[in-house]
Every structure is written in C-alpha cells, then in structure tokens.
Trainee: 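Below you will find the structure I want to go over with you.
No experiment lies behind these values; they were computed from the predicted model shown. Residue numbers run from 1 in the order of the sequence given.
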Amino acid sequence: MAPQLTGAPGSAAAAGGASAALKPQFHHYHHHRLPPRHHHHPSLLSKLAFWSVCSLSLLLAFLLLSPSSSSSAPASKTDSPRRSLHASTATAAAYGGAAWEKKVRASARVRRPGGRAGLSVLVTGAAGFVGCHAAAALRRRGDGVLGLDNFNDYYDPALKRGRAALLARAGVYVVDGDIADADLLAKLFDVVPFTHVLHLAAQAGVRHALVDPMSYVRANVAGLVALLEAARAADPQPAIVWASSSSVYGLNSHVPFSEHDRTDRPASLYAATKKAGEEIAHVYNHIYGLSLTALRFFTVYGPWGRPDMAYFFFTRDILAGRPITVYESSGGGAHQTTISRDFTYIDDIVKGCIGALDTAGKSTGSGGKKRGPAPFRTYNLGNTSPVPVTQLVDLLEKMLKVKAERRIVKMPRNGDVPYTHANISLAQRELGYRPSTDLQTGLKKFVRWYLEYYNPELAVKQKQHGSSTGKASRGRNGSTSSSAR
C-alpha cells in the first residue's frame, strides 16, 4: 500500500520528525477523449524574438548533450557524479547487474487485483514534491511505478530522501541517477517496457535563474531532449505526460489564463525553458509519433512541499520570529495590490496527472519511425480561485498562532508575475479534472505536516490546545474559510 504523504515521516526519513500513521488518501480517475492541439497567432516581431530564444536553447541543449562537451568540461569542486547532467563511469557503476535489474522490474510490475490491465510508469523527479505524491497514488491503485531522481541540492536533499523512503515502503524503487544520462535511460527502457512516462524532473523556481541560469537549460531543455530521445528509440514507445508550467503565460494580461492564450512573452528564464520544452515536444510528436501531454501547473502546495515556495518559507520564518517579505504589484491605483496566486493543492494536481496518463493515447512510432499521427495535448491544472498573498499570511498566522512581522515591498524585476488564474475548462472536459480543496483546508494539512516533521513538540502542544478550545476553534476556522475561497 502507498503511504499517506500528509503524515510525518518514519524513522527512514533523513530530516527527522515524529512518526505518524500512514493512511491512504488517493482516488480513482476517469477516462476521456483527446482534445485537439491549440494554436497561437502572435505578431511577427514576437515570433522572431521567441524563436530566437528557442533556437538558442536547442543549440545549448545539443552542445551539452554532445560527448565532446561531456569529456572536456571540468568538474567543479562541488559537483558529484550524481548531480552531473552527463554520464560518467561513477554513475555507470551505480546501476546495472542482475540484482539491480530485479529491483527495477519488481517496482515497475503492475499489481492490480485480478490481473487487470494497468500502467507501467517511469516517474522522473520521483523524490520531488509532485513526483512523490503522484508515484504513491499510482502504486496505490496497482500500477507499476519506477522512480528516477538525482537528489540534487537545489533545496535540502534530506527532504527528498525522506520522500524516497516513503515510496520505498510502498514498494516504489527510486533509481538514483540523472535524467540526462542517456546510457541510464537506455538501460531503463531496455529492462522495462514502460507504457507511460510521467516526466516531472526539472530545475524549478523562478528566482534561482538569476543565480544559476545554466542549470535551467541543462535540466529543462537538455534533460527533456535526452528523455524524448530515449522514448522515441524505445520499443514500445511510451506515452509521455510532462510538467510544463503556468509561468509560460508570462506577460499575458488576459485572465483567466487559457490554453488558447499567447505564450511567447516569458517573464523569466524558467518560463522560457518550459516554453522551449513545449515546442521541442511538438517536434518529437510530429517527427517520431510520440504521444505527448503538457500540464501547466499553477502554484502547487501541500505536505512534503518545496522549501523554496512562499507558503513554506513563510511558515518557517513566522515560527522563527523572522520578518517576511510580501511583494506588492506596481500597477498603481485601484490595481495596486499584493501579488495573487491560483494556489492548487497537491492532491488535486495528482488527480490531473493521473487523468492525463489515463487518457494519453498511444505513441505511434516503431523503431524510431512514425507510423501515424499521435496525440499532442496541453492542459492547465489550477484551482481557479486566485488568493492574495496577504490572505495566505493571514491564514498562516491563525493556524500557527503567531503574528507575522510583514515587510511590504514593490515587486522587483526577478521574473515573478503579479497574478495567476487558471481557466481549467479544457481539463474539466477532457480529463474529468475537478479541484476540490480550498486554500484553508489545504494549508491546514500542510501546517500539520510541517509541525510534525520539523517541530513535533509544538505539534503536540497545538493539538492539545485545539482539543481544549473545541467548538470555539472550529467556529473561527469556519469563518475564515469563506474568505479564503
């Protein structure tokens, strides 16, 4: 059985914390028809600028993937073979052999009751936030799941190891390797005839690109190309569902954001690499017949989340008594407000991911050659209820029972956008996607997990206090909930 990812980690979790009972929390999803591809009509100047970015990204991707660049690039003192985007003898030694292949096959084996047909899914970025939850949900319903993650140090690797420990207890093996290791990918596809790939591995975050821009090109462009190359050469070819981002809407001012809106004006390098990924995916669909579905996630949050996200570090800093910075948009006048986000709870995102896998349709290539047209799809996965960040802080203050010291500042030019709002009508129609978790409910689950994981003593005190306040506490929570929707 898959673990309940909203609970505290067990003794196997590297970051520590109180143990808690792990209960199932995932559901079954529905099958729907495939939608048509959507087209955009930007101006000529915008097209030229956009395709220049894409061309540069592709050039860098192929240079990074070439053997000569791999052999000649010097390793920095902080690099390790597992963080490298290139194959090496050290990483090659980490996989292969009869025992390793046995673990890989066992993890990817379908285990649905009564021998019913199921999916065999390679989940990249399985030790990441969305990857961990999605892999557990797939395993719980009996699908075969194999994980892949390089456990890099963009944020605390101990948290990733904790997620991987949960998956291990559920019977999901996470291979420690890199998405751009072509030899490793070829080996995995040789050992297991995957029916699907859920590609979630990526360099995340908007602001980190100001510090390490090349990491985004390596992971989000070169890494995607490496995966698509392995998939198009596989026999059978898997259907691929992968994580794009709502960031691709960039400077688009038409809300709510629709898949029909233009996406050629990115506001960050992260967004540009994700948009480049969408165009690269179209090439592999067109030439090789790969079934490809891009999912544009809108601000995912919840237990086991990413420490670089605002709700996570707000919680940390409020508890530590440190001031938090809340950005204010520079629109001015009636439009001047704190930035707002379409916060989407992790369980709702997982439903969308599994709905996309179930309806993906087959790839049509064989031996690397296209035999007919294959599905190419794009969906928004959001909550459709944007909430100002100030309201997020209000909720955290109530749940943590600590007053935050707020610093309101003008939003800098760091790639962030002031407002996100998803139009999910296409995903509703084609995937049966129905987000059901409001921000207060989702934040309450996150705060409970956070305290149990990082501060178990405070979690016990809060639980005791909650029991003593009884009806009064429930009344306050109810009144807050209506304002958070």
Side-chain angles (χ1 to χ4, degrees), residues 4-9 17-18 20 23 25-26 129-130 132-133 155 159 163 246 297-320 322 324-327 338-352 381-406 419-422 434-456 458-463 465-466 469 472-485:
Q4 179 191 14
L5 294 176
T6 55
K23 300 178 182 178
Q25 63 173 15
F26 303 105
F129 176 31
V130 179
C132 178
H133 284 269
Y155 59 81
L159 184 60
R163 297 183 189 125
S246 62
F297 296 161
F298 282 72
T299 316
V300 190
Y301 74 100
W304 292 95
R306 281 173 30 208
D308 64 320
M309 298 294 286
Y311 72 93
F312 198 112
F313 60 74
F314 280 174
T315 299
R316 178 194 65 209
D317 291 344
I318 290 172
L319 287 173
R322 292 191 290 263
I324 63 173
T325 299
V326 180
Y327 289 141
T338 55
I339 60 176
S340 297
R341 290 289 180 266
D342 198 343
F343 295 102
T344 313
Y345 189 61
I346 181 62
D347 289 0
D348 292 326
I349 288 291
V350 169
K351 292 175 187 176
L381 295 185
N383 193 48
T384 75
S385 301
V387 174
V389 174
T390 50
Q391 195 166 321
L392 168 76
V393 177
D394 290 343
L395 290 169
L396 287 174
E397 286 179 330
K398 289 181 172 64
M399 294 172 187
L400 297 171
K401 299 177 176 60
V402 178
K403 188 69 175 176
E405 180 184 342
R406 310 185 195 196
Y419 188 82
T420 63
H421 184 185
R434 300 286 188 276
S436 59
T437 308
D438 64 85
L439 183 59
Q440 175 176 291
T441 302
L443 271 184
K444 188 180 297 184
K445 293 178 180 180
F446 165 74
V447 168
R448 185 184 304 121
W449 168 82
Y450 184 94
L451 293 177
E452 290 174 348
Y453 192 93
Y454 290 105
N455 198 332
L458 182 58
V460 171
K461 291 180 181 178
Q462 293 238 359
K463 188 177 294 185
H465 177 74
T469 54
S473 176
R474 288 194 294 272
R476 287 194 297 272
N477 288 340
S479 62
T480 304
S481 178
S482 62
S483 64
R485 288 192 174 92

Trainee: Tell me, do Leu159 and Trp304 make a side-chain contact under 4.5 Å, heavy atoms counted?
Mentor: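 Yes. Closest side-chain heavy atoms under 4.5 Å.
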
Trainee: Are Arg322 and Arg316 packed together at the side-chain level, in the sense that at least one heavy-atom pair is separated by less than 4.5 angstrom?
Mentor: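 Counting from C-beta outward, Arg322 and Arg316 do come under 4.5 Å.
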
Trainee: Contact between Leu439 and Tyr301 at the side-chain level, heavy atoms closer than 4.5 Å - yes or no?
Mentor: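 In short, these two side chains touch, coming nearer than 4.5 Å.
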
Trainee: Is there a side-chain contact between Leu443 and Thr315 (heavy atoms, below 4.5 Å)?
Mentor: no

Trainee: Would you indicate whether the side-chain heavy atoms of Asp348 and Ser436 approach each other to under 4.5 Å?
Mentor: yes

Trainee: Just wondering, do Leu381 and Thr344 contact through their side chains at under 4.5 Å, heavy atoms?
Mentor: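 Sidechains of Leu381 and Thr344: no contact.
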
Trainee: If every non-hydrogen atom of Ile346 is compared with every non-hydrogen atom of Pro303, which pair is closest and at what distance?
Mentor: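 Between these two residues, the closest heavy atoms are CG2-CD, 4.3 Å.
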
Trainee: With a 4.5 Å limit on heavy-atom distance, are the side chains of Tyr327 and Val389 in contact?
Mentor: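 With C-beta onward as the side chain, the pair stays apart.
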
Trainee: Just by modelled atom types, is the Gly382 backbone N or O under 3.5 Å from a matching donor or acceptor in the His421 side chain?
Mentor: no

Trainee: Going by side-chain hydrogen bond (donor to acceptor under 3.5 Å, both in side chains), name the residues that satisfy it together with Arg434, two or more places apart in sequence or in a different chain.
Mentor: none

Trainee: If you measure from the Lys or Arg side-chain nitrogens to the Asp or Glu carboxylate oxygens, is any gap between Arg406 and Asp394 under 4.0 Å?
Mentor: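 Yes, Arg406 and Asp394 are salt-bridged.
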
Trainee: Kindly give the heavy-atom pair with the smallest separation between Leu392 and Phe343, and that separation in Å.
Mentor: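 So the minimum-distance heavy-atom pair works out to CD2-CZ, 3.9 Å.
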
Trainee: With sequence neighbours left out, what residues match Tyr450 under ring pair (Phe, Tyr, Trp, His ring centres under 6.0 Å)?
Mentor: Phe312, Phe446, Tyr454

